[in-house]
J.: 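This is the structure I have questions about; it appears just below.
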There are 2 protein chains.
Amino acid sequence: MSVNPLSPTPLYVQVADLIAARIESGELEPGKPIPSEKSIQQAYGVARGTARRAVEILRERGLVVTMPQRGTFVVEA
Amino acid sequence: MSVNPLSPTPLYVQVADLIAARIESGELEPGKPIPSEKSIQQAYGVARGTARRAVEILRERGLVVTMPQRGTFVVEA
DNA sequence: CTATATTTGTGCGTATGTATG
DNA sequence: ACATACATACGCACAAATATA
């Protein structure tokens, strides 16, 4: 899946939704890291700030936890 | 102190005045950084553009100098 | 042990679009 | 038309902590 820059839905929400779907599908497993901000930038073709906001949303949703200088991990079910 | 959105005085001027007062009171000391744009946003509940314009005014008044990617600092007395 | 690469945190610069008075 | 204000989104640079070679 990819992102649609023309959609009225902010890119960072779209990216968050795409990653959330990968978590819920089991592709990204509990306890394991999601892609780094840099990987997200490259994978979805967005700026780092956009990737960071997307991850911030996932934290707000309680799907992930971020450990500084370590990464962001899927929360245990 | 806080900001008044209903005042005829633009928000960015109000924010600039509040920060200027903190400089003149000595709370923000010469040579030391004033709060970041993000901190100003959060502290005064304004958008980033408003915070930026406020800092721009402080620069015009000669109260601070901005060093790109490093921060904005109170000028030496 | 040292050096490098990775990853997140922070800070500013800039541009565009939208809405309001 | 213009100024104000907010939101989104691109970018660069540097720091600090961690992971790896």
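In the text below, chain A, chain B and the rest are named by the order of the sequence lines, each starting its count at 1. Atoms considered below: every heavy atom in the structure, side chains included; atoms not considered: hydrogens, waters and symmetry mates.
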J.: When Ile, Leu, Val, Met, Phe, Trp and Tyr are grouped by side-chain heavy atoms lying under 4.5 Å apart, directly or through other members, which residues fall in the same group as B/L6?
T.: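 In the cluster with B/L6 there is nothing else; it is isolated.
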
J.: Applying side chain to side chain donor-acceptor pair (under 3.5 Å), can you list everything that pairs with B/E27, at least two apart in sequence or on another chain?
T.: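 Partners of B/E27 under the side chain to side chain donor-acceptor pair (under 3.5 Å) test: B/R22.
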
J.: Hunt down the Watson-Crick or G-U wobble partner of C/dT16, both distances under 3.5 Å, from any strand shown, or write none.
T.: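 Pair assignment: C/dT16 / D/dA7.
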
J.: Whole angstrom is fine here: how far is it from CD in A/Q41 over to C1' in D/dG11?
T.: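 Computing the A/Q41:CD to D/dG11:C1' distance gives 10 Å.
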
J.: Sequence neighbours left out, what passes side-chain contact (heavy atoms from CB on, under 4.5 Å) with A/Q42? Give chain and number order.
T.: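 Per chain and number, A/Q42 pairs via side-chain contact (heavy atoms from CB on, under 4.5 Å) with A/K38.
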
J.: With a 4.0 angstrom cut-off to heavy atoms of chain A, pull out the first and last contacting nucleotide of DNA chain C, in 5'-to-3' order.
T.: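 First-to-last contact on DNA chain C, by the 4.0 Å heavy-atom rule, is C/dT7 to C/dT10.
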
J.: Mind calculating the distance between CG (A/L6) and P (D/dA9) to the nearest angstrom?
T.: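 One finds 12 Å between P of D/dA9 and CG of A/L6, rounded.
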
J.: Any side-chain heavy atom of B/S39 within less than 4.5 Å of one from B/I34?
T.: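 SC-SC contact between B/S39 and B/I34 ruled out.
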
J.: With the threshold set at under 4.0 Å for non-hydrogen atoms, list the residues of residues 56-68 of chain A touching DNA chain D in residue-number order.
T.: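 None, since no heavy atom is under 4.0 Å.
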
J.: Who passes salt bridge (Lys or Arg N to Asp or Glu O under 4.0 Å) against B/R61, sequence neighbours left out?
T.: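 Expected list: B/D17.
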
J.: Among all residues two or more places apart in sequence or in another chain, which pass the salt bridge (Lys or Arg N to Asp or Glu O under 4.0 Å) test with B/E29?
T.: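 For B/E29, the residues satisfying salt bridge (Lys or Arg N to Asp or Glu O under 4.0 Å) (neighbours in sequence not counted) are B/K32.
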
J.: Who clusters with B/Y12? Use side-chain heavy atoms, under 4.5 angstrom, across I, L, V, M, F, W and Y, and order the result by chain and number.
T.: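 Other cluster members: B/V13, B/I57.
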
J.: Check the interface with nucleotides 4-8 of chain D: list each N/O to N/O pair with the protein under 3.5 Å, or write none.
T.:
unit_1, atom_1, unit_2, atom_2, d
D/dT4, OP1, B/Y12, OH, 2.3
D/dT4, OP2, B/Y12, OH, 3.0
D/dA5, OP1, B/L11, N, 2.3
D/dA5, OP2, B/L11, N, 3.1
D/dA5, OP2, B/Y12, N, 3.3
D/dC6, OP2, B/A47, N, 2.9
D/dC6, OP2, B/T50, OG1, 2.4
D/dT8, OP1, A/Y12, OH, 2.6
D/dT8, OP2, A/Y12, OH, 3.0
D/dT8, OP2, A/R53, NH1, 3.2

J.: Quick one: does any side-chain atom of B/Q14 pair with a main-chain N or O of B/N4 as donor and acceptor, under 3.5 Å?
T.: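 Pair found, side chain donor or acceptor close to backbone of B/N4.
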
J.: If you look only at distance, which donor and acceptor atoms sit under 3.5 Å apart when one is on a side chain in residues 70-77 of chain B and the other is two or more places apart or in another chain?
T.:
unit_1, atom_1, unit_2, atom_2, d
B/T72, OG1, B/T66, OG1, 2.8

J.: How would you list, by chain and number, every residue that makes a salt bridge (Lys or Arg N to Asp or Glu O under 4.0 Å) with B/R52, sequence neighbours excluded?
T.: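 B/R52 satisfies salt bridge (Lys or Arg N to Asp or Glu O under 4.0 Å) with B/E37 only.
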
